[in-house]
Number of protein chains: 2
Amino acid sequence: MSGDPAVTDATGVPTMFDVARRAGVSHQTVSRVLNDLPGVAAATRERVRAAMAELNYAPSPTARAMAGRRSGSIGLIQAGRPDYGPSSAALGFNEAARAAGYAVSQASMRTLDADALTQAVHRLVLQRVEAIVLISGEREGVEVLGGIDAGVPLVVVASEAAPGLHRVSFDQFAGARLATEHLIALGHRRIVHVSGPADSMDAAERRRGFAAALAEHGLEQREPIVGDWLPASGYAAGRRIIDDGWAGAAFIGNDHMALGVLRACAEAGVPVPGALSVVGFDDIPEAAYFTPPLTTMRQDFDSLGRDVMATVVEVLRDEASATDRTSRVPDLVVRGSAAAVRTRSA
Amino acid sequence: MSGDPAVTDATGVPTMFDVARRAGVSHQTVSRVLNDLPGVAAATRERVRAAMAELNYAPSPTARAMAGRRSGSIGLIQAGRPDYGPSSAALGFNEAARAAGYAVSQASMRTLDADALTQAVHRLVLQRVEAIVLISGEREGVEVLGGIDAGVPLVVVASEAAPGLHRVSFDQFAGARLATEHLIALGHRRIVHVSGPADSMDAAERRRGFAAALAEHGLEQREPIVGDWLPASGYAAGRRIIDDGWAGAAFIGNDHMALGVLRACAEAGVPVPGALSVVGFDDIPEAAYFTPPLTTMRQDFDSLGRDVMATVVEVLRDEASATDRTSRVPDLVVRGSAAAVRTRSA
DNA sequence: AAACCCAATGTTAGCGCTAACGATGCGGTG
DNA sequence: CACCGCATCGTTAGCGCTAACATTGGGTTT
């Protein structure tokens with residue numbers, strides 16, 4: 001692998017000059033071939049290509065970044081718990097980035113705080129990333145990013161408008177409305193919502209969607225119970241719902257909390273969906289095996305990640321003005337946790 | 001933010017020369033201060049430090065990498081599904097890396113294949129990463145990496161020996177033995193194991209640990225049922241266990257499959273832990289809210305990630321020979337899914 | 001006091017690439 | 001046939017840093 005006599009570099013990695021010498025041209029011509037620039041005769045181009053192949057040459061991203069043009073890398077900041085959703089989206093993004101020829105410099109942080117985020121952005125800028133992507137549900141992240149002049153395009157996954165930033169997201173509002181309408185269609189009239197935390201944009205949108213569906217059908221609105229996305233808070237919410245005794249159906253902000261609700265029902269002997277119909281959100285891999293299997297809203301996080309990368313490419317290509325892709329609507333996946341009213345008396 | 005008159009650079013980012021001019025020294029002295037090299041008078045050192053602070057100077061990682069010494073970045077390859085374990089470990093690693101002053105260049109791939117992995121390594125090497133970390137449970141990943149002369153230290157998270165590589169892992173063998181012994185201590189004599197796929201090193205180690213515990217206590221060994229870590233395969237395994245009717249307890253390779261087993265039992269009306277005791281592995285956040293709450297083996301993935309980074313730092317510091325850290329043993333977390341034999345007749 | 005040493009600094013030359021400009025040589029125009 | 005123009009290529013100068021060497025000036029040695 002190393003020690004090739006045609007290679008001058010001490011590390012054994014061929015440089016542009018090695019290719020140039022081998023092809024009998026100047027290094028600049030090699031550069032032109034590499035970047036598909038015009039002004040190279042077809043025959044020469046081929047000769048250079050052959051030399052590159054023979055030496056197994058690959059340009060140094062570092063040197064390219066130094067020389068000023070594209071660095072070929074993109075910064076990815078992931079803030080928050082390593083949940084299924086964000087992790088999948090990050091994975092999809094990562095694969096798409098590599099497929100597009102980009103490297104990904106990742107900065108993850110378990111909890112989002114303004115200073116850490118700002119620092120992370122600056123570090124990435126120093127690394128000459130061509131764009132920075134933020135995957136985080138918290139509103140604060142978007143606000144912080146909106147106030148930074150990074151000098152490179154910023155793309156966020158955010159379900160609320162992000163002034164000055166490029167945005168990609170699922171339509172959480174529509175998803176929540178569909179979920180709620182499913183319960184309404186099953187004949188439920190007293191529906192409660194367990195929402196995610198106040199600082200979550202997804203939670204806010206789902207809450208809006210829930211409220212909109214109820215309003216459209218003239219149903220009574222109760223103040224949602226606020227959780228923190230974790231099963232424990234869902235469990236607590238479940239107990240409250242049971243003790244309260246009002247609701248016949250519940251739209252839960254995410255599958256984790258829905259699991260907590262199911263657990264609370266199981267403990268209290270409340271049959272699901274007999275006495276309480278439950279719909280979740282996300283469709284995590286476990287959802288189909290809950291007891292009972294969870295009816296929920298599926299989000300294709302993987303393709304979300306790909307969409308993010310597509311946006312990056314687009315923005316980088318034509319320096320476009322603020323993009324806003326909120327196209328995808330989550331799909332309803334019907335399983336056993338929500339049923340029609342009075343099923344049992346049939 | 002930009003346009004500082006003391007800064008020469010067109011992009012507005014101060015360079016070493018800006019600092020040098022401001023401090024009235026040469027750029028090389030600035031470099032010396034930056035790298036804590038000797039041969040700089042204390043007073044000068046202070047003056048340079050002040051100038052750096054005033055200009056908000058930060059060295060360019062790109063230029064540093066170019067100039068040959070450390071690049072300040074580490075490559076992270078994550079292969080496989082974005083499950084809770086690997087995602088958490090990657091997060092812990094990422095945070096630890098940043099804390100240690102390193103950037104992380106991440107290459108994720110949903111499925112591991114030799115070519116993709118090899119390519120990823122080469123890309124990272126071109127980016128001049130100082131070390132490469134692989135987080136993937138599959139044996140093939142370790143084998144492929146073992147056969148590559150990357151020129152930089154390679155660190156893997158692997159529960160089997162990795163010749164020529166630095167290794168970090170939990171002691172899966174000990175963990176599985178503890179889990180099995182817990183069931184034995186509860187009085188169980190007919191225990192079955194549902195293992196992960198054959199290409200998983202964790203699965204193999206857990207299987208060994210399970211077999212060792214049974215052997216020690218002279219219990220009958222049945223061939224483990226092989227799953228693929230996903231709930232669906234756990235469900236299938238659960239059905240087989242129930243149909244078979246032999247086992248009174250089951251040690252399941254991970255929590256996801258355990259969920260499938262619980263689901264199968266719930267459907268078949270087999271009480272857990274009444275008729276079948278179940279122990280899982282991983283302690284995913286959902287496990288405490290399964291029905292019944294799952295007794296399982298907790299692994300602190302976050303600190304695993306930190307351990308990996310610690311190993312990287314260590315290896316980078318003294319070019320040490322192959323490291324091997326298999327210290328941590330998973331902890332038993334007792335919940336409701338495993339009970340003593342004949343509990344019901346009490 | 002001449003020679004010397006060493007701490008403290010400055011100067012120069014790259015790392016591998018891109019960007020800007022120069023230098024060829026060929027065909028076509030008046 | 002002198003002239004221009006354009007494709008095709010080469011040369012030079014950086015990007016911001018580190019590494020190796022050159023330079024200074026005070027304090028020691030002989």
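Values below: every heavy atom of this structure, side chains too, minus hydrogens, waters and symmetry copies. Per chain, numbering begins at 1; letters A, B, ... match sequence-line order. Every value quoted in this text rests on a predicted model; they were computed, and no experiment measured them.
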[X] has an atom [atom1]; how far is it from atom [atom2] of [N], in whole Å?
| X | N | atom1 | atom2 | result |
| --- | --- | --- | --- | --- |
| A:Phe17 | C:dG14 | CZ | P | 12 Å |
| A:Asn35 | C:dA20 | CG | P | 13 Å |
| B:Met66 | D:dC15 | CE | C1' | 10 Å |
| B:Met16 | C:dG10 | CE | P | 13 Å |
| B:Leu37 | C:dA7 | CG | P | 15 Å |

Point to revise | Any A:Ser26 side-chain N or O less than 4.0 Å from OP1/OP2 of D:dC9 | key: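 For A:Ser26, the contact criterion (side-chain N or O under 4.0 Å from OP1 or OP2 of D:dC9) is not met.
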
Review point. If only side-chain N and O atoms of B:Arg64 are considered, is one of them under 4.0 Å from the OP1 or OP2 phosphate oxygen of D:dC17?
Key: no

Listed by chain and number, what are the side chain to side chain donor-acceptor pair (under 3.5 Å) partners of [X], not counting sequence neighbours?
| X | result |
| --- | --- |
| A:Glu160 | A:Arg139 |
| A:Ser169 | none |
| A:Arg306 | A:Asp302 |
| A:Arg49 | A:Asp36 |

Check your understanding: Is the shortest heavy-atom distance from the side chain of B:Met16 to the side chain of B:Leu34 under 4.5 Å?
Key ->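 SC-SC contact between B:Met16 and B:Leu34 confirmed.
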
Point to revise | Side chain to side chain, A:Phe93 and A:Ile74, heavy atoms closer than 4.5 Å | key: yes

Exercise for review: Please collect all salt bridge (charged side-chain N to carboxylate O under 4.0 Å, His left out) contacts where either partner lies in residues 86-101 of chain B, sequence neighbours excluded, each pair once.
Suggested key: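 Qualifying pairs, neighbours excluded: none.
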
Review point. Nearest of D:dT18, D:dC17, C:dT18 to any side-chain atom of B:Pro59?
Key: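 Selected nucleotide (nearest to the side chain): D:dC17.
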
Study note, to complete from the structure: Of the candidates D:dG10, D:dG14, D:dC17, the side chain of A:Ala67 sits closest to D:dG14

Check your understanding: Where is the tightest heavy-atom contact between B:Ala114 and B:Val144, given as atom of each residue plus distance?
Key -> CB-CG2, 3.8 Å

Check your understanding: Using a heavy-atom distance cut-off of less than 4.0 Å, which residues of residues 41-49 of chain B contact DNA chain C?
Key -> B:Ala41, B:Thr44

Review point. With sequence neighbours excluded, what pairs up with B:Ser108 under the side-chain contact (heavy atoms from CB on, under 4.5 Å) test?
Key: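 Once residues adjacent in sequence are excluded, the partners of B:Ser108 under the side-chain contact (heavy atoms from CB on, under 4.5 Å) criterion are A:Leu91, A:Asn94, B:Gln78, B:Gln106.
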
What protein N or O atoms touch nucleotides 24-27 of chain D N or O atoms at under 3.5 angstrom, if any, and at what distances?
none

Below 3.5 Å is the cut-off: list the nitrogen or oxygen pairs between protein and nucleotides 20-23 of chain D, distance only.
| residue | atom | partner | partner atom | Å |
| --- | --- | --- | --- | --- |
| D:dA20 | N6 | B:Gln28 | NE2 | 3.4 |

Point to revise | Contact list for residues 19-58 of chain B, test ring pair (Phe, Tyr, Trp, His ring centres under 6.0 Å), sequence neighbours left out | key: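 Qualifying pairs: B:Phe17-B:His27.
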
Exercise for review: Write out all pairs satisfying ring pair (Phe, Tyr, Trp, His ring centres under 6.0 Å) with one or both partners inside residues 30-55 of chain B, taking only residues at least two apart or from two chains.
Suggested key: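 Non-adjacent pairs meeting ring pair (Phe, Tyr, Trp, His ring centres under 6.0 Å): zero.
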
Point to revise | Donor-acceptor pair present, B:His27 side chain and C:dT11 base, under 3.5 Å | key: no

Review point. Touch check for B:Pro38, heavy atoms < 4.0 angstrom, all strands: base, sugar-phosphate only, or nothing?
Key: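 Answer is nothing: B:Pro38 stays at 4.0 Å or more from every strand.
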
Exercise for review: Remember a base hit wins even if backbone is also touched, and classify B:Ser60 as base, sugar-phosphate or nothing at under 4.0 Å, heavy atoms.
Suggested key: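 Here B:Ser60 touches the backbone only, sparing every base.
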
**Study point:** ring-ring contact (aromatic ring centres under 6.0 Å, His included) partners for B:Phe301, two or more places apart
**Key:** B:Tyr84

